[in-house]
Amino acid sequence: MLPKTNRLSASEVCEILKTGRSARAGTLSAKYLRLPGARAAVVVSSKVAKTAVLRNRLRRAAYRALKGELPSDIHAVLFLHKPALDPEELKQLCLKLS
């Protein structure tokens, strides 16, 4: 799991959503900014997974997969569009961000 110090706060997420650039790979998309340090947040909509338990499970899986993949100068908000996470797609998306 991504350490809490490497996760974005709510105010940082809002800033990235307003001014960030976009990237997409398969069933994942991201809004990101180039800032020092690697930080991320994962968003799973209730349209993707109806129950909070499933949304949290997907979010935690994404954080686990992100741990070594996120470039060192990116702050990113990741969006899952399907109720399954493919780590290879996550790696491809991280490569697009760098």
Side-chain angles (χ1 to χ4, degrees):
M1 183 121 179
L2 200 62
K4 188 150 184 128
T5 57
N6 290 17
R7 290 186 238 161
L8 294 170
S9 68
S11 60
E12 292 171 321
V13 169
C14 289
E15 182 65 28
I16 291 171
L17 293 179
K18 286 180 189 175
T19 60
R21 299 183 65 189
S22 298
R24 186 168 177 118
T27 62
L28 299 170
S29 63
K31 286 276 233 176
Y32 65 97
L33 288 174
R34 289 200 180 280
L35 296 170
R39 300 187 76 191
V42 178
V43 176
V44 182
S45 170
S46 60
K47 289 182 179 182
V48 173
K50 296 293 183 193
T51 65
V53 172
L54 186 54
R55 285 193 303 273
N56 288 334
R57 189 174 294 150
L58 288 168
R59 186 176 49 80
R60 287 186 202 113
Y63 279 134
R64 267 193 305 277
L66 256 178
K67 191 168 185 176
E69 300 298 327
L70 196 62
S72 62
D73 63 341
I74 296 291
H75 286 197
V77 180
L78 301 164
F79 300 94
L80 276 72
H81 298 288
K82 296 279 181 173
L85 177 68
D86 183 12
E88 289 302 317
E89 282 184 3
L90 188 63
K91 286 180 185 179
Q92 289 174 0
L93 183 61
C94 287
L95 288 175
K96 283 185 178 183
L97 300 179
S98 56

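In this text the structure is predicted, and so the values were computed from the model without any measurement. By convention here, the first residue in the shown sequence is residue 1.
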Looking only at heavy atoms, what is the nearest atom pair of [X] and [Y], with distance?
| X | Y | value |
| --- | --- | --- |
| Leu97 | Ile74 | O-CD1, 3.5 Å |
| Leu78 | Ala30 | CD2-CB, 3.5 Å |
| His81 | Ser29 | NE2-OG, 2.7 Å |
| Ala38 | Pro71 | CB-O, 3.3 Å |
| Ala49 | Val44 | CB-CG1, 4.5 Å |

Atom CG of Asn56 and atom OG1 of Thr51: how far apart are they, to the nearest 0.5 Å?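 Reported value, rounded in 0.5 Å steps: 8.5 Å.
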Separation of Lys31 NZ from Glu15 CD (nearest 0.5 Å):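 Going from CD on Glu15 over to NZ on Lys31, the span is 11.5 Å.
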If the condition is side chain to side chain contact (heavy atoms under 4.5 Å, CB included), which residues does Thr5 pass it with, not counting sequence neighbours?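 Result, side chain to side chain contact (heavy atoms under 4.5 Å, CB included) vs Thr5: Pro3.
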Applying side chain to side chain contact (heavy atoms under 4.5 Å, CB included), name anything that partners Arg21, two or more places apart in sequence or on another chain.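 In terms of side chain to side chain contact (heavy atoms under 4.5 Å, CB included), with neighbours along the sequence ignored, Arg21 is linked to Tyr32.
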Close side-chain approach of [X] and [Y], heavy atoms under 4.5 Å:
| X | Y | answer |
| --- | --- | --- |
| Leu54 | Val48 | no |
| Leu66 | Cys94 | yes |
| Asn6 | Leu70 | no |

Any pair counted as salt bridge (Lys or Arg N to Asp or Glu O under 4.0 Å), so long as it reaches residues 61-88, sequence neighbours left out: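 The answer is Arg34-Asp73, Glu88-Lys91.
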Which residue pairs satisfy the salt bridge (Lys or Arg N to Asp or Glu O under 4.0 Å) criterion with at least one member in residues 37-57, sequence neighbours excluded?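 Pairs touching residues 37-57 that pass the test: Glu12-Arg39.
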ILVMFWY cluster membership beyond Ile16 - transitive side-chain contacts under 4.5 angstrom: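 Noted: Ile16 shares its cluster with Leu8, Val13, Leu17, Leu33, Leu35, Val43, Val77, Phe79.
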Checking the side chain of His75 only, and the main-chain atoms of Arg7 only, is there a donor and an acceptor separated by less than 3.5 Å?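 Not confirmed, His75 side chain does not pair with Arg7 backbone.
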